[in-house]
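Written out below as structure tokens is the structure these notes cover.
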Amino acid sequence: MPPHQSSRVKKAIVDKATTAAGIAAPAKGTPKSKSSKRQAVEEPIDDDIDEPVAAEEVKSAKKRKATENPEHVGEPGTEEPKSGKKRKTTTKAKAEDLMALAKRTIINTLKKSMYIGAHVSAAGGVQNSINNAVHIGANSFALFLKSQRKWVNPPITPEALDGFHSLSKEHKFEVHKHCLPHGSYLVNLAQAEKEKADQAYTSFLDDLQRCESLGVKLYNFHPGNTNGDARADAIGRIAKQLNKAHKATSTVITVLENMAGQGNVIGCSFEDLRDIIELVEDKSRVGVCIDTCHAFAAGYDLRSPEAFEETMTKFNNIVGASYLKAFHLNDSKAPFDSHRDLHANIGTGFLGLRAFHNVMNHAEFQGMPMVLETPIDRKGPDGKTVEDKQIWADEIKLLESLIGMDTDSDEFKALDKRLQAEGASERAKIQDQVDRKSAKDAKKGGLAAKRRGKKKAKASDDEDSD
Ligand SMILES: [Zn+2]
Ligand SMILES: [Zn+2]
């Protein structure tokens, strides 16, 4: 939804398309095919919807261009992003944009209480995230609380705050349960340098305070990066910053996200998450969000029911089931254990629909926010990249339809087959990259072995720029 439209107008039209409660019964049947649109999505391999924060992200965050991910670079709290003018569309296009793309599913019509949504835009003010969530039929949502490119941001305006409270009430969003803001990519709580660590802490605390003013209880962030320092020390610094932040706030739960990368990135293993939590004094203020793409890329399989069970048993044994608070639902363009962070549309990646069937039918996950961070960019008729939010609207319905679906049914098999076919060329492309990199690394490793006693082959994390 273009940020220049007033929330009043948006609200009026969105409400027309929804029931009095702002929600509706689930759509019957399978979501319509988006194959033509998805095939048109041409993503650079290192363009990851909003999840590119592997080891390199912290370094490169400042360099990211506004065009990289227009959905998420809006600056909440500022009235009108500078690009507002450019985004103006024809009256017809505007009217289409204002119609809800899907009605929200009434949770108790589902066999399991799964709250599925997406990471929506908060451009123009945090209150807009609610309408944007309603627009795609989401029952949960994520947002950025401030600009991802600036350390210092204006506070949330009283109007935005009021708007957020009144709209969440009107649309019956329990924001304390189903809203999961995403932390700033600039922040690395593992920073060792005093000045940088203080800057990171100030920004982090500011986000937590924003959560509390909004009545939001869960706050998701990337644990951090060692910057080459000893892992245990870096983890100690994260926990120390968390303890300080917990004392400076009262209710918000800091939710660690598992990561896909390796090397300097903290949080790629369940052990990392456990080690941070172990040092957190108030255990009621810390949790974990599992990103399905990151888990898979980091070597935690979710595809078969057995593999899924094994991964969750590992999580429960190492971290503890009580710490699991939320999900990021993303398929993976990169193969298993490749440590590449490349989100794919649901069912089109290496995880496949079966993995999401496992997640959607796991009773223990009920009530948690489950947020899509899948790619929605596609080429418009003029060749320019546009966001197609219908993709999220359809993916929400697709995931909801998996609840209770028989995986032996023709319906499931047909869906699985169609989505896998859609993602086939992209999977082949990334698989090829991964294979070539492994061959290169093996060669490097071989040479290094020959030069016994000399410096070890350089860790590959510098090469993983996604
Ligand atoms: Zn993330
Ligand atoms: Zn994520």
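Remember, it's 1-based here, ligands and their atoms both numbered in the order they're listed.
One of the N, O or S atoms belonging to E257 lies under 2.8 Å away from the Zn ion (ligand 1). The nearest N, O or S atom of H182 is closer to the Zn ion (ligand 1) than 2.8 Å. Residue contacts to the Zn ion (ligand 2): H328 brings an N, O or S atom closer than 2.8 Å. When distances to the Zn ion (ligand 1) are checked against a cut-off of 2.8 Å, H222 contributes an N, O or S atom below that limit.
Closest approach between the Zn ion (ligand 2) and any N/O/S atom of D291 involves OD2. Nearest N/O/S atom of E373 relative to the Zn ion (ligand 2): this is OE1.
Two rings, from F296 and F350, have their centers 6.0 Å or more apart.
Judged as a salt bridge (Lys or Arg N to Asp or Glu O under 4.0 Å), the pairs with a partner in residues 215-229 (not counting sequence neighbours) are, in order, D229-R237.
Under the side-chain hydrogen bond (donor to acceptor under 3.5 Å, both in side chains) criterion, T313 pairs with no residue, sequence neighbours left out.
For the pair S269 and Y300, the minimum side-chain heavy-atom distance is below 4.5 Å.
Y323 does not carry R274 over the face of its six-membered ring by the limits of under 6.0 Å from the centre and within 45° of the normal.
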